[in-house]
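Okay, so here's the structure we're looking at.
Chain naming here is simple, since letters A, B, ... match the order of the sequence lines and numbering starts at 1 in each.
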Amino acid sequence: MLVQSKLLRLRRIHRLLPSTFSSVRRCRSYSSPPLRNDAGLTVTQVVELLQNPLNHWDYDKLRPFLFEASHHLLHITIRLNSIPKALDFINFLGDRTEHHQALSRVFEGALELATQHPNSQKELLMLHSYRKSIGGRIALTSRSGFLLLKCLGKAQMVEDSLILFKELDSSSKSSEICNELLKGLFRSGGIDGALHVLDEMLERDSDFPPNNFTGEVVFRVLGEQERRGRSFADEEIMGLVTKLCEHGVFPDTFKLTQMITKLCRHRKNGVAWEVLHVVMRLGGAVAVEAASCNALLAGLGRERDIQRMNKLMAEMEEMGIKPSVVTFGILVNHLCKARRIDEALQVFDKLRGKGEGNNRVGVEPDVVLFNTLIDGLCKVGREEHGLSLLEEMKTKKQSRPNTITYNCLIDGFCKAGNIGKARELYSQMIEEGVQPSVVTLNTMVNGLCKHGKVHNAVEFFNEMKGKGLKGNAVTYTALISAFCGVNNIDKAMQYFDDMLSSGCSPDAIVYYSLISGLSTAGRMDDASVVVSRLKQAGFGLDLTCYNVLISGFCKKKKLERVYEMLNEMEVTGVKPDIVTYNTLVSYLGKIGDFETASNVMKRMIKEGLEPSVVTYGAVIHAYCLKKNVDEAMKIFEQMCSNSKVPPNTVIYSILIDALCKNSNVEKAVSLMDDMKIKGVRPNTTTYNAIFKGVRDKKMLQKAFELMDRMIEDACSPDYVTMEILTEWFDAVGEIEKLKCFVEGYPVSSSSALSPTSNCF
DNA sequence: TAAAATCCCT
């Protein structure tokens with residue numbers, strides 16, 4: 001009976017323990033009032049007693065402390081001020097009593113001493129190992145559990161943490177302890193364990209509900225960019241946020257924004273939306289500020305989700321969440337990217353107070369907003385309007401034009417072909433003291449290259465190098481593509497080497513442009529070298545790159561290399577598209593391998609790819625090469641009746657050429673008429689084919705008629721046309737008509753006007 | 001400490 005009542009009393013004391021944290025801290029000054037046990041000894045006297053060697057310790061004098069006031073043992077242990085002595089004390093008592101509370105208190109004291117130690121982490125771990133070595137016979141107090149979990153968490157000892165947590169009885173568990181465990185588990189990537197602990201904390205009427213520190217830990221982890229171990233499932237994120245908010249624990253603006261940003265970056269707009277709305281619903285405008293909404297708006301904008309952007313903006317207004325200048329920046333950017341530039345300008349005018357309701361929002365447009373608009377205007381060819389905004393910026397202190405402002409405008413004028421204005425803007429920015437960046441350099445170089453001024457581009461680049469501005473992968477891509485474009489492959493290769501030796505790190509695109517240039521030039525060996533260099537640099541080929549290479553190898557009739565590419569595509573998981581199949585079908589048709597060509601087409605259809613006009617063209621071309629024009633015409637008829645893929649200019653040209661070569665000029669002429677009816681515009685190649693046919697059949701009148709039609713179609717003759725017609729017209733004495741034709745006058749004798757009079 | 005703007009390949 002007596003023992004039982006004592007135990008009960010002890011348990012009551014025990015329950016008070018979490019609140020003794022602060023008193024423990026106060027004890028560290030070792031100035032607690034003298035406490036006396038039943039044997040008349042004060043705490044100070046006991047501490048003195050324990051300073052004696054171990055064999056002088058008197059258990060009987062100590063005993064009352066063990067039962068009457070075990071919490072005094074904590075003070076005594078701390079005042080020993082020595083961890084080895086504390087351990088002696090534990091061993092001494094452990095040999096003499098079964099009383100767990102006493103041991104627990106002394107152990108707690110030892111842990112407190114360890115936290116004071118300069119190398120506290122090591123000492124705490126040592127005490128943990130000690131406790132483990134005696135089989136965990138020492139029960140843990142709440143404070144002990146807290147200290148040990150904190151240290152195990154730091155040491156990332158997940159297993160030990162979990163075991164320790166399980167050992168704690170539920171009355172010793174507290175929110176603080178759970179938080180420490182969570183922190184440790186998250187630190188070592190043990191999400192599953194952490195979620196389990198959180199489940200307990202988040203239960204209804206939990207003894208250790210989540211507090212703000214729990215929120216700190218959990219929300220920080222949810223917002224982290226990358227983490228080891230597995231990441232959270234969408235439902236887990238939603239569940240945690242919802243339940244924590246239901247317990248009144250909300251993320252701060254920073255963490256909420258970070259969480260939403262992360263979700264949006266991982267293309268999880270749906271979850272991001274839900275998260276924000278849970279916090280909005282449970283916490284209201286106090287818990288959600290514009291920054292978090294901005295993060296979601298930006299994510300929605302990236303996915304072009306206009307509807308939800310509008311909905312969120314409306315909700316912000318309804319809840320009284322004040323939009324910031326960034327909010328409007330995102331909105332304007334989105335409208336510009338959707339090419340809805342006039343709506344963007346309307347929003348902008350509202351901010352400037354130019355529209356109706358003078359600036360109700362109280363947000364001044366900043367540099368970014370101006371830049372966004374200027375870029376938007378330039379991208380739709382309204383660079384002059386952009387220029388007027390530049391002037392407006394110059395008059396405002398808070399939004400002076402910066403490098404990006406000029407970059408946008410320079411690019412706009414370059415793309416519009418106004419290189420002169422682009423150069424002028426460049427000089428202007430230098431005059432205004434706005435520093436050009438590598439983007440400025442790239443924009444100018446690319447603009448000059450795209451307008452046939454490769455030499456000027458090189459000059460500009462060298463000039464900038466002299467000013468200490470280095471080029472990057474983008475600069476070299478522009479130059480390499482330009483030199484490939486004018487078939488100066490050696491120069492392109494030289495720039496590629498320059499790039500590598502100048503220490504510029506190439507991106508995948510610069511490799512792609514060189515591979516494409518080399519392949520189109522038929523230099524497949526060089527292309528292969530670049531491919532292996534690309535792989536060495538850790539990049540992979542993409543679909544278009546494979547297509548370009550396959551096409552190059554086909555032209556060189558290197559079938560084994562084509563198959564090599566196709567195999568590689570399969571291994572690396574790059575799925576062939578219609579372009580790949582068309583290239584193959586076209587090649588197989590040209591070498592006359594109809595069987596393989598038809599197998600490839602079957603596979604293409606099996607893969608769910610519909611034959612395109614190019615596929616039909618390849619097949620028709622193949623039949624024509626085999627002099628099987630009848631079969632080619634049959635396919636053509638099929639295309640005409642199946643309106644899904646109507647024949648285009650190329651298909652007509654192929655057939656007209658083949659019919660003419662097959663001496664069926666009448667049919668070819670009727671196809672020309674068919675084109676006119678169907679509204680398919682012939683090009684120079686088409687006319688060259690039919691001219692050859694009518695020349696071989698000496699159908700002079702038909703030739704005149706076609707010449708007039710060629711002029712009507714605004715299609716100009718090239719050197720092939722002239723070759724076909726000159727000798728023939730010379731022989732039949734009609735060379736004057738050819739002159740008229742070249743000048744763009746009608747020549748058909750059925751014309752009412754006298755053509756010759758017009759010619760001279 | 002998080003949220004909006006510029007340049008390159010097919």
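- Ring centroid separation for the pair A:Y512 and A:F539 does not come in under the 6.0 Å cut-off.
- Taken residue by residue, residues 472-496 of chain A places heavy atoms nearer than 4.0 Å to DNA chain B at A:V474, A:T477, A:S481.
- The side-chain heavy atoms of A:T475 and A:F461, taken from C-beta on, include a pair separated by under 4.5 Å.
- What separates CD1 of A:I321 from C1' of B:dA3 is a distance of 14 Å, to the nearest Å.
- In summary, the aromatic rings of A:F348 and A:F370 are positioned with their centroids under 6.0 Å apart.
- In this structure, CD1 of A:I410 is placed 15 Å from P of B:dT6, rounded to the nearest angstrom.
- The closest donor-acceptor contact from the side chain of A:N648 to the backbone of A:I651 lies under 3.5 Å.
- Atom CZ in A:F460 sits roughly 12 Å away from atom C1' in B:dC7 (whole-Å rounding).
- Note on A:D342 versus A:R382: salt bridge recorded, some NZ/NE/NH1/NH2 to OD/OE distance being below 4.0 Å.
- Computed from coordinates, the A:E364 CD to B:dA4 P distance equals 22 Å when rounded to whole Å.
- Sorted by first and then second residue, the ring pair (Phe, Tyr, Trp, His ring centres under 6.0 Å) pairs involving residues 376-417 of chain A (not counting sequence neighbours) form an empty list.
- Between A:F460 and A:Y426, the ring centre distance stays below 6.0 Å.
- The two residues A:F250 and A:L282 make their nearest non-hydrogen contact at CZ-O, 3.3 Å.
- Of all the residues in residues 333-343 of chain A, A:N333, A:K337 reach under 4.0 Å from DNA chain B with at least one non-hydrogen atom.
- Using a cutoff of 4.0 Å between basic side-chain nitrogens and carboxylate oxygens, A:D305 and A:K311 are not scored as salt-bridged.
- Ion pair A:K415/A:D375 not flagged as a salt bridge, since none of the NZ, NE, NH1 or NH2 atoms sits closer than 4.0 Å to an Asp/Glu carboxylate oxygen.
- For the segment residues 437-447 of chain A, residues with any heavy atom less than 4.0 angstrom from an atom of DNA chain B are, sorted by number, A:V439, A:N442, A:T443, A:N446.
- For A:A298, the side-chain atoms get nearest to B:dA4 when compared with the rest of B:dA4, B:dC8, B:dT6.
- A salt bridge does not link A:E459 to A:K453: none of the charged nitrogens lies less than 4.0 Å from a carboxylate oxygen.
- Of all the residues in residues 502-510 of chain A, A:D507, A:I509 reach under 4.0 Å from DNA chain B with at least one non-hydrogen atom.
- For the segment residues 301-319 of chain A, the set of residues with a heavy atom within less than 4.0 Å of an atom of DNA chain B comprises A:R302, in numerical order.
- At the phosphate of B:dC7, neither OP1 nor OP2 sits under 4.0 Å from any side-chain N or O atom of A:K450.
- Side-chain contact between A:F219 and A:L240 is absent, with no heavy-atom pair separated by less than 4.5 Å.
- Taking the six-membered ring wherever Trp is involved, the centroid distance between the rings of A:Y495 and A:F483 falls below 6.0 Å.
- Heavy atoms of A:N547 sit nowhere under 4.0 angstrom from any nucleic acid atom.
- By the 4.0 Å N-to-carboxylate-O rule, A:E568 lies close enough to A:K535 to be salt-bridged with it.
- Atom P of nucleotide B:dA3 and atom CG of A:L263 are separated by 14 Å, given to the nearest angstrom.
- Classification of A:E303 and A:R267 as a salt-bridged pair holds, one side-chain N sitting under 4.0 Å from a carboxylate O.
- Whole-Å rounding puts the A:R265 CZ to B:dA4 C1' distance at 12 Å.
- Contact record, A:P576 with A:L543: CA-CD1, 4.1 Å, taken as the closest heavy-atom pair.
- Within the 4.0 angstrom heavy-atom criterion, base atoms lie near A:I404.
- Within the structure, every side-chain polar atom (N or O) of A:K255 is placed at least 4.0 Å from both OP1 and OP2 of B:dA3.
- Distance from the side chain of A:K379 is smallest to B:dC7 among B:dA5, B:dC7, B:dA2.
- Heavy atoms of A:S513 sit under 4.0 angstrom from primed sugar atoms or phosphate atoms, though from no base atom.
- Rounded to an integer number of Å, the gap from CZ of A:F539 to P of B:dT10 is 17 Å.
- Taking atom CZ of residue A:F413 and atom P of nucleotide B:dC7, one finds them 16 Å apart after rounding to whole Å.
- Taking a cutoff of 4.0 Å between a charged side-chain nitrogen and a carboxylate oxygen, A:E570 and A:K575 do not qualify as a salt bridge.
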